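Computed from a predicted model, the values in this text were never measured in an experiment. Labels below follow one simple rule: chain letters A, B, ... track the order of the sequence lines, proteins then strands, and each chain is numbered from 1.
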Amino acid sequence: MGFRLYNTLTRKTEDFKPLEPGRVRMYVCGPTVYGHAHLGHAKSYVSFDVLLRYLRYLGYAVTYVQNITDVGHLTDDADEGEDKLERQAQKEHRHPMAIAEYYTRSYFEDMDALNVQRPDICPRAAGHIPEQIELTQTLIDKGYAYEVNGSVYFDVSQFAGYGKLSGRQIEDMQAGARIEVNSEKRNPADFALWKKAEPNHIMQWNSPWGRGYPGWHLECSVMSMKYLGTTIDIHGGGIENQFPHHECEIAQSEAANDCPFVKYWVHHNMVTVDGQKMGKSLGNFITLKQIFKEGHPRLSRTYDPPAVRQLILQSHYRSPIDFSDAALSAAQSGYDKITAAVIKVRKALALAPDRAADANILMQLNAMKEKFEAAMNDDLNTAVALSVLFEMVKLVGTLPVEGVAKATLEAIDNQFRTLGGDVLGIVKDEYATAGGSDDALLDHLIGLLIEQRQTARKNKDFAAADAIRDQLAKFGIVLEDKPGGTTWRLG
RNA sequence: GGCGGCGUAGCCAAGCGGUCCAAGGCGACGGUUUGCAAAACCGUUAUUCGUGGGUUCGAAUCCCACCGCCGCCUCCA
């Protein structure tokens with residue numbers, strides 16, 4: 001069975017077949033950069049990172065585009081309200097583009113920490129104003145859009161497919177009480193392609209309709225088609241953007257190009273914190289930087305970035321995930337266990353005897369790999385895939401401390417690297433066991449102390465022996481007495 | 001009001017018609033090991049899948065009703 005992926009457009013899990021054999025064009029809605037990335041961003045971009053990694057693992061040549069929204073995203077999706085970047089710029093007394101730059105760097109810093117692979121192309125909305133104007137003009141020319149008083153709106157009544165992604169009817173939405181009344185629009189569901197700028201609006205550009213700035217939905221259509229073509233394989237985003245954002249993207253793109261915009265729509269679910277939606281007003285809004293190093297009132301400690309990744313992968317991307325201190329703590333422990341097993345294998349590798357691999361272990365590894373792939377093929381069941389990693393951890397745990405053939409250890413290490421590393425991004429290529437360049441020196445120094453403690457233990461001077469162990473523990477160094485001797489690690 | 005989802009052990013979570021007296025992780029408990037620990041290993045920890053009906057030879061998995069929770073359509077990914 002090949003790779004199967006749930007398609008929101010058809011509401012079914014489908015066999016994945018790219019438009020062009022061997023090649024995948026994938027676009028994911030990127031962040032609006034007016035604040036530090038939070039748990040929601042982590043869930044989103046880790047989820048799509050695993051999709052990307054698995055496609056590459058399967059041998060596809062993937063081109064991955066993820067935009068950076070630095071203009072046009074308003075505080076109110078009904079085309080009212082302020083531009084999010086401009087509002088933040090006022091708060092911080094900086095230029096909107098400085099805000100965009102600062103938070104873009106912050107975003108990538110956090111994503112790097114989460115081991116999220118960088119997209120191939122990260123286009124900025126503000127860098128694609130001419131293209132957005134062009135698309136707007138095309139839509140006017142084709143009768144899908146109309147200009148009113150310097151703003152341009154998409155006329156949803158002209159596009160028959162409007163609502164096919166979200167399952168909404170235009171009539172239903174009118175019945176809803178939440179539609180803002182905008183007298184410029186012919187239909188309340190119409191959405192802005194181009195907005196007229198007031199003189200005090202900082203980010204504004206010349207256009208055929210006067211000074212203005214682009215509507216939020218436009219950028220994704222424009223950049224997707226510019227870098228990936230008029231029809232792409234995968235478009236990803238959060239479930240909350242199904243409507244109106246993605247619905248509007250489809251309308252604009254298909255109206256302009258007369259061809260399907262996206263083959264597979266992939267949406268991940270949302271994040272809650274302590275059982276409630278995460279919101280600034282609820283006091284449970286947690287940024288990644290707070291988790292990693294600053295701390296947060298809801299958390300008892302800080303957690304390593306991979307622990308967050310681990311927690312995300314323990315549930316399905318289409319399920320909501322509840323972040324809590326307990327859940328994070330459990331994920332951290334699980335992650336540490338995997339890491340310890342990988343390090344054990346790599347250390348053993350150095351002095352392993354050069355013999356043929358254990359056929360039985362190779363067989364087990366192969367069975368695990370098949371289980372892993374079956375799980376990932378089934379719409380990215382990362383929870384089961386992760387459980388396979390734990391099966392490998394268990395296998396490592398049962399291996400004798402010495403005498404395992406080098407080829408066996410290599411096979412295990414390789415599988416950790418491909419499945420745990422390449423695909424899940426949980427296993428690292430290198431672990432700094434004692435902090436970089438001081439490694440050898442530290443090893444020698446601690447070795448001396450271990451020797452002293454051994455002497456004390458031989459002499460049954462356990463008080464002295466325990467004192468050495470306790471002292472080292474204060475620096476986070478844990479001693480472990482094993483049959484072959486005492487080893488140390490950073491706790 | 002419209003649309004969607006969820007309820008599985010102390011906690012997180014997979015499973016979505018038979019191979020489930022239900023994977024995996026965390027935690028807890030007992031054991032092996034240890035001078036004591038730590039780590040590791042072995043074992044125990046859901047006769048049951050929110051409740052009540054129904055369909056079926058067979059249901060955690062399908063249908064109906066009810067209860068509870070959550071999300072989107074506002075801030076927010």
RNA chain B in dot-bracket form (Watson-Crick or G-U pairs under 3.5 Å, [ ] crossing, | inter-strand) is ((((((((.[[[..)..(.....]]]((((((.......))))))....[[[[[..)....]]]]])))))))....
Are [X] and [Y] packed together at the side-chain level, in the sense that at least one heavy-atom pair is separated by less than 4.5 angstrom?
X	Y	answer
A/I361	A/L399	yes
A/L395	A/Q364	yes
A/T272	A/M278	no
A/N187	A/Y153	no

For [N] and [M], measure between their [atom1] atoms and round to the nearest Å.
N	M	atom1	result
B/U8	B/G1	P	27 Å
B/U47	B/G10	P	9 Å
B/U33	B/A38	P	15 Å
B/C26	B/U45	C1'	13 Å
B/U51	B/G7	P	13 Å
B/A9	B/G15	C1'	15 Å
B/A39	B/A28	P	10 Å
B/G43	B/U19	C1'	25 Å

Rounded to the nearest 0.5 Å, the CZ atom of A/R118 sits from the CE atom of A/M111 at a distance of 10.5 Å
Going by the ring pair (Phe, Tyr, Trp, His ring centres under 6.0 Å) test, which pairs reach into residues 305-326 of chain A, not counting sequence neighbours?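 Output for this query is empty, none listed.
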Ring pair (Phe, Tyr, Trp, His ring centres under 6.0 Å) pairs touching residues 270-291 of chain A, sequence neighbours excluded, are A/H38-A/F285
I want to verify a distance call: between B/C76, B/G27, B/A77, whose nearest atom is closest to the A/S333 side chain?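 For A/S333, the side-chain atoms sit closest to B/G27.
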How do A/A465 and A/S44 order along RNA chain B: which one's closest nucleotide is nearer the 5' end?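 Nearest-nucleotide comparison on RNA chain B picks A/A465.
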Of A/R318 and A/H268, whose closest RNA chain B nucleotide lies nearer the 5' terminus?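 Taking each residue's closest nucleotide, the earlier one in sequence belongs to A/R318.
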With heavy atoms under 4.0 Å as the rule, sort A/V271 into base, sugar-phosphate or nothing.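 Answer is base: heavy atoms of A/V271 come under 4.0 Å of a base.
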At under 4.0 Å between heavy atoms, what does A/F390 touch on the DNA or RNA strands: base, sugar-phosphate, or nothing? sugar-phosphate
Crowding at NZ, A/K369 (>12 non-hydrogen neighbours, <6.0 Å): no
Where along nucleotides 37-45 of chain B does protein come under 4.0 Å, by heavy atom, of base (B) or sugar-phosphate alone (S), with - for untouched nucleotides? BBSSSS---
Pairwise N/O distances under 3.5 Å, protein to nucleotides 11-14 of chain B:
from, atom 1, to, atom 2, distance (Å)
B/A13, O2', A/Q314, O, 3.3
B/A14, OP1, A/H316, N, 3.0
B/A14, O3', A/N381, ND2, 3.2

Let me know the distance between [atom1] of [X] and [atom2] of [N], rounded to the nearest Å.
X	N	atom1	atom2	answer
A/M270	B/C70	CE	C1'	11 Å
A/L51	B/A77	CG	P	21 Å
A/W216	B/C76	CH2	C1'	10 Å
A/N269	B/C72	CG	P	10 Å
A/L165	B/C72	CG	P	17 Å
A/H235	B/A77	NE2	C1'	12 Å
A/I286	B/A77	CD1	C1'	15 Å
A/R11	B/G4	CZ	P	7 Å

Could you run down the sub-3.5 Å N/O contacts of the protein with nucleotides 16-20 of chain B?
none

Could you check A/W265, A/Y54, A/F16 and say which one makes a side-chain contact (heavy atoms from CB on, under 4.5 Å) with A/L5?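 For A/L5, the side-chain contact (heavy atoms from CB on, under 4.5 Å) test succeeds with only one of A/W265, A/Y54, A/F16, which is A/F16.
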Sequence neighbours excluded, which residues qualify as side-chain hydrogen bond (donor to acceptor under 3.5 Å, both in side chains) partners of A/N67?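 With sequence neighbours excluded, A/N67 shows a side-chain hydrogen bond (donor to acceptor under 3.5 Å, both in side chains) to A/Y27, A/T69, A/E219, given in chain and number order.
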Sequence-distant partners of A/Y64, side-chain hydrogen bond (donor to acceptor under 3.5 Å, both in side chains), two or more places apart: A/Q66
Decide yes or no, distance alone: a donor-acceptor N/O pair under 3.5 angstrom between the base of B/G35 and the side-chain of A/D466.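 Counting by modelled atom types and ignoring angles, a donor-acceptor contact under 3.5 Å is found here.
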RNA chain B-proximal residues of residues 34-43 of chain A, any heavy atom under 4.0 Å: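 Listed by number, they are A/Y34, A/H38, A/G40, A/H41.
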Side-chain N,O (A/K84) to OP1/OP2 (B/A77) below 4.0 Å: yes
Is [Y] paired with [X] through a side-chain N to carboxylate O contact shorter than 4.0 Å?
X	Y	value
A/R105	A/E101	yes
A/D325	A/R301	no
A/D470	A/K474	no

Who pairs with [X] by salt bridge (charged side-chain N to carboxylate O under 4.0 Å, His left out), at least two apart in sequence or on another chain?
X	value
A/R124	none
A/K337	none
A/D413	A/R346, A/R417

Just one of A/W216, A/Y34, A/Y213 clears the ring pair (Phe, Tyr, Trp, His ring centres under 6.0 Å) bar with A/H73, so which one?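 Considering A/W216, A/Y34, A/Y213, a ring pair (Phe, Tyr, Trp, His ring centres under 6.0 Å) with A/H73 is found only for A/W216.
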